[in-house]
S.K.: 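Below you will find the structure I want to go over with you.
Atoms within a ligand are numbered from 1 in the order they appear, just like the ligands themselves.
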Amino acid sequence: MSRSAHPAGPRHADVLPEGHYSGPAADLNELDPKVWAQTVTRDDDANGVVTVGGIDVKTLAERHGTPAYVLDEDDFRQRARAWRTAFGHDADVFYAGKAFLSRAVVRWLHEEGLNLDVCSGGELATALSAGMPADRIAFHGNNKSVSEITRAVEAGVGRIVLDSFQEIVRVAHIAQSLGKRQRVQIRITVGVEAHTHEFIATAHEDQKFGIPLAGGQAAEAVRRALQLDGLELIGIHSHIGSQIFDMSGFEVAAHRVVGLLKDIRDEHGVELPEIDLGGGLGIAYTSDDDPREPHDIAKALTEIVTRECDAARLRTPRISVEPGRAIVGPTAFTLYEVGTIKPLDGLRTYVSVDGGMSDNIRTALYDAEYSVALVSRRSDAEPMLARVVGKHCESGDIVVKDAFLPGDLAPGDLIAVPATGAYCRSMASNYNHVLRPPVVAVKDGESRVIVRRETEEDLLRLDVG
Ligand SMILES: *Cc1c(COP(=O)(O)O)cnc(C)c1O
């Protein structure tokens with residue numbers, strides 16, 4: 001998507017930049033509850049400073065420094081609970097740990113009755129060290145190592161999601177040599193690729209994950225898994241994409257997965273008890289996004305699977321889903337301090353912050369859209385078209401590509417980018433030896449560091465000379 005500013009310059013940008021969805025909000029001080037964590041408010045008695053979890057951002061910046069990810073614990077728990085409740089007792093919700101994982105988060109999930117997806121030894125270690133019962137953990141990944149599989153089987157994870165023909169044999173062998181029978185699902189690719197408002201259904205899928213349904217490959221994988229003593233095949237897994245708003249991709253996927261379940265019943269006389277529809281449900285990054293409520297999603301997915309199974313005369317299997325972004329994404333924002341401000345005449349104003357692509361790679365990686373607001377005070381200055389950029393040695397180091405910020409923005413102001421709870425800290429890097437920011441959980445007027453800021457000692461400790 002290419003964007004260009006209004007030729008008359010940002011201060012005259014009553015005509016929208018090309019390709020931009022919306023102009024400046026009527027009031028830049030307003031915080032759209034769709035994109036901000038639940039307890040975020042602007043305190044008009046205190047010069048309009050923004051508070052979250054009962055603490056204002058200036059206090060947070062003084063206590064914990066910037067940049068920092070600020071995570072609203074009540075919001076996290078409430079979203080986790082909403083997913084759990086929406087799916088009830090006949091389904092399982094697995095939080096996708098890759099979105100953001102820390103020991104505090106594992107404990108919250110455990111307490112709220114969710115299960116957990118991991119996809120590496122590191123994620124597994126984090127989950128186990130925070131006391132997640134192993135049988136509530138699912139282990140994913142297209143290239144799990146022998147040592148990772150061994151650890152997972154030894155720990156007794158609830159399921160391993162098999163991703164290739166080689167892995168079927170590998171897991172069976174490891175389980176058997178440990179004297180165990182490992183519960184597994186087979187991840188298949190059904191030829192549905194879903195992103196946001198569109199999905200494409202094809203016969204084949206060209207990607208590294210899963211075993212293709214096409215050409216009878218998934219059926220062959222099932223045949224082999226059923227024969228191996230080390231494996232207990234409990235279901236079929238399908239994950240179709242990310243940041244999805246439209247349920248029709250899931251509909252096609254469920255139709256194809258149920259078709260396979262029917263073939264398995266016909267060939268082997270076995271009705272597999274579970275179906276996992278993966279994650280990928282979208283959230284609002286900007287006011288233009290309209291995500292669905294977990295309750296609606298649960299209802300739609302359950303209806304789709306039930307209808308397909310009725311048509312195939314199959315008992316409806318137990319459904320599981322794996323939301324990551326939809327739980328943690330909206331619960332956090334990144335708090336930055338404004339540094340250099342550089343107006344480029346006729347184009348836009350570059351606003352540099354004290355972080356960048358090291359704490360949010362999604363804009364550079366996926367052309368992701370974000371919103372941003374001035375949070376340390378209110379301002380009634382004219383909106384200016386801004387681009388929020390980081391401090392890295394890379395011109396693609398953009399955090400928010402196009403956004404309106406108050407024209408009186410000044411160095412030292414605090415700005416915040418909402419909806420950074422998912423895939424920001426978890427994808428953070430040390431590029432330019434920039435130190436990764438902390439994750440600060442806020443609740444009831446208290447702030448608590450749940451992942452501390454990296455220090456220069458941390459960097460030097462790894463660099464053994
Ligand atoms: C990434 C992933 C998820 C979570 O995706 P979100 O977009 O964060 O909901 C769930 N399941 C699998 C297998 C994944 O790879």
S.K.: May I ask you to check if Arg187 and Phe209 form a cation-pi contact, with NZ or CZ under 6.0 angstrom from the six-membered ring centre and within 45° of the axis?
M.R.: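 Judged by the rule, Arg187 and Phe209 form a cation-pi pair.
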S.K.: Check each atom of ligand 1 against the heavy atoms of Glu322 and keep those under 4.0 Å away; list them by number with element.
M.R.: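 What qualifies from ligand 1 is 3 (C), 4 (C), 9 (O), 10 (C), 11 (N), 12 (C), 13 (C).
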S.K.: Among protein heavy atoms, which lies nearest atom 3 (C) of ligand 1, and at what distance?
M.R.: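 For atom 3 (C) of ligand 1, the nearest protein heavy atom is His239 CE1, 3.4 Å.
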S.K.: Can you pull out every side chain to side chain donor-acceptor pair (under 3.5 Å) where at least one residue sits in residues 239-260? Sequence neighbours excluded, please.
M.R.: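 The answer is Asp246-Ser248, Glu251-Arg307, His255-Glu308.
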S.K.: Evaluate the ring planes of Tyr95 and Phe76, with Trp represented by its six-membered ring, and classify them as parallel (under 30°), tilted (30 to 60°) or perpendicular (over 60°).
M.R.: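 Tyr95 vs Phe76 ring planes: perpendicular.
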S.K.: Checking a contact table here: which protein heavy atom is nearest atom 9 (O) of ligand 1, and how many Å away?
M.R.: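 For this ligand atom, the closest protein heavy atom is Gly280 N, 2.8 Å.
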S.K.: Which atoms of ligand 1 have any heavy atom of Gly279 under 4.0 Å away?
M.R.: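 Listed by number with element, the hits are 9 (O), 10 (C), 11 (N).
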S.K.: Run the numbers for me: atoms of ligand 1, each under 4.0 Å from some heavy atom of Pro323, listed by number.
M.R.: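 Ligand 1 atoms under the 4.0 Å threshold to Pro323: 9 (O).
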S.K.: So which bit of Arg325 gets within less than 4.0 Å of ligand 1, heavy atoms only: side chain, backbone, both or neither?
M.R.: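 Both of them.
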S.K.: Test your reading of the structure: does Ser242 have an N or O sitting under 3.5 Å from an N or O of ligand 1?
M.R.: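 No.
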S.K.: Going by atom types alone, do Thr39 and Asp72 pair a side-chain donor with an acceptor below 3.5 Å?
M.R.: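 Side-chain D/A pair, Thr39 to Asp72: present.
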S.K.: Is a side-chain donor or acceptor of Ser358 paired with a backbone partner of Asn430 at a separation under 3.5 angstrom?
M.R.: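 No: the side chain of Ser358 does not pair with the backbone of Asn430.
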S.K.: Are any of the N/O atoms on Ala326, whether in the backbone or the side chain, positioned under 3.5 angstrom from an N/O atom of ligand 1?
M.R.: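 In fact, backbone or side chain, Ala326 has no N or O that close.
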S.K.: In ligand 1, which numbered atoms sit nearer than 4.0 Å to a non-hydrogen atom of His140?
M.R.: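 Result: 13 (C).
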S.K.: Do me a favour and list the nearest non-hydrogen protein atom to atom 14 (C) of ligand 1 with residue, atom name and distance?
M.R.: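 The closest one turns out to be Lys98 NZ, 2.9 Å.
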S.K.: Could you walk me through whether Tyr336 and Val338 satisfy the side-chain contact (heavy atoms from CB on, under 4.5 Å) test, starting with their C-alpha distance in whole Å, then the side-chain angles of each, then the deciding distance to 0.1 Å, before giving a yes or no?
M.R.: CA-CA 6 Å; Tyr336 298 105; Val338 172; over 6 Å; no
S.K.: In terms of atom number and element, which parts of ligand 1 are under 4.0 angstrom from non-hydrogen atoms of Arg187?
M.R.: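 Going through ligand 1 atom by atom, the ones under 4.0 Å from Arg187 are 13 (C).
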S.K.: Considering the heavy atoms of Gly324, write down every atom of ligand 1 situated less than 4.0 Å from one of them.
M.R.: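 Counting atoms of ligand 1 from 1, those under 4.0 Å from Gly324 are 6 (P), 8 (O), 9 (O).
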S.K.: Going by an N to O cut-off under 4.0 Å, is there a salt bridge joining Glu111 and Arg77?
M.R.: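 Yes.
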S.K.: One residue to check: Tyr423. Relative to ligand 1, which of side chain, backbone, both or neither has a non-hydrogen atom less than 4.0 Å away?
M.R.: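 Looking at Tyr423 and ligand 1, just side chain atoms fall under 4.0 Å.
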S.K.: Report yes if the side chains of Asp117 and Phe139 come closer than 4.5 Å at any heavy-atom pair, otherwise no.
M.R.: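 No, too far: nothing below the 4.5 Å cut-off.
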S.K.: Indicate every side-chain donor-acceptor pair of residues 414-422 with a distance under 3.5 Å to a residue at least two apart or in another chain.
M.R.:
residue: Thr420; atom: OG1; partner: Thr334; partner atom: N; Å: 3.1
residue: Thr420; atom: OG1; partner: Thr334; partner atom: OG1; Å: 2.8

